[in-house]
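Data first, discussion second: the structure below is written as structure tokens.
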Amino acid sequence: TQSTRPQRLLGAVQKNATRGDPRSVVRAIDHFCRHKEWAMNVGDEKGCILDSVVSEVNPAAVLELGTYCGYSTVRIASLLPPHAKLITLEFNPDFAAIARQVIAWAGLEEKVQLVEGASGDWIPKMKEQFGVKTFDLVFLDHWKDRYLPDTKLMEECGLLRKGSVLLADNVICPGTPDYLEYVRSSPRYTSQYFKSHLEYTKVEDGLEKSVFLG
Ligand SMILES: CNc1ncnc2c1ncn2[C@@H]1O[C@H](/C=C/CNC(=O)c2cc(-c3ccc(F)cc3)cc(O)c2O)[C@H](F)[C@H]1O
Ligand SMILES: [Mg+2]
């Protein structure tokens, strides 16, 4: 039977990356996506911006919406201080299964909790289920029309504190117009656009960094 693209991406990691070496896992995925098959990972160019924001925030609690194959999960988790935790939500069981193996190959299982389910169902349960108070950093990279409703849900559930950072992928391509309008016009956020390119292409895209003001 035919393999799927995520399965072939995992194969490239197992073939070309060193177990326990997150950077080699990131490099193997980027090489696969640039030279073999494009896939919707945040990629190396936007990934450097992601890395700099993670390092600046130095978060103890991170939420990622949309794990896919775990590329950004590995990038973020590899930069976390000891005892910091990354919770990543993925509702497609096939993607979740691949991501678990990518995260394991990187040796980052201790820092990552992959939750199989929908953000809308799990965001309201974060406190009771995972003992989370608030998130220091949220990386949004799931369905683009869900960025805004899920942000409002996180606000309502008290998961954001003064200074919490939201970092959103794809605000230009495919685009998240309602989310962008909201974080840029709301007095409760200060927003900054990091211009870049759609992963592995020359098409414009970028990340929006929004700090919640409480
Ligand atoms: C809605 N709640 C969810 N809860 C848990 N997991 C979820 C939820 N929603 C989706 N997922 C999960 O999160 C992932 C979804 C990622 C979506 N990403 C994109 O579409 C996306 C698209 C492009 C793109 C650009 C140009 C072009 F020509 C073609 C594609 C580039 C990008 O960087 C992207 O991130 C996963 F697939 C889904 O199961
Ligand atoms: Mg993306």
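Worth saying up front: this structure is predicted, and the values here are computed from it rather than measured. Indexing begins at 1, ligand by ligand and atom by atom, following the structure's order.
Residue contacts with ligand 1 leave out Tyr200, since none of its heavy atoms falls under 4.0 Å from the ligand. Not close to ligand 1: Gly43, with no non-hydrogen atom less than 4.0 angstrom away. Under a 4.0 Å heavy-atom criterion, Gly120 is not in contact with ligand 1.
For atom 31 (C) of ligand 1, the closest non-hydrogen atom on the protein side is Glu199 OE2, 3.2 Å. Of the protein's non-hydrogen atoms, Gly66 CA, 3.3 Å is the one closest to atom 13 (O) of ligand 1.
For a distance bound of 2.8 Å, the N, O or S atoms of Asn170 include one lying that close to the Mg ion (ligand 2).
The list of ring-ring contact (aromatic ring centres under 6.0 Å, His included) pairs with a residue in residues 3-24, not counting sequence neighbours, is empty.
Because its NZ or CZ atom is both nearer than 6.0 Å to the ring centre of Tyr182 and within 45° of the ring axis, Lys152 counts as a cation-pi partner of that residue.
Between Phe130 and Trp122, the gap from one ring centroid to the other is short of 6.0 Å.
Put simply, the side chain of Tyr147 never gets that close to the backbone of Thr176: no donor and acceptor are under 3.5 Å apart.
Against a heavy-atom cut-off of under 4.0 Å, Asp169 is close to the following atoms of ligand 1: 33 (O).
For the pair OD1 of Asp141 and OD2 of Asp169, the angle at the Mg ion (ligand 2) is about 100°; rounding is to 10 degrees.
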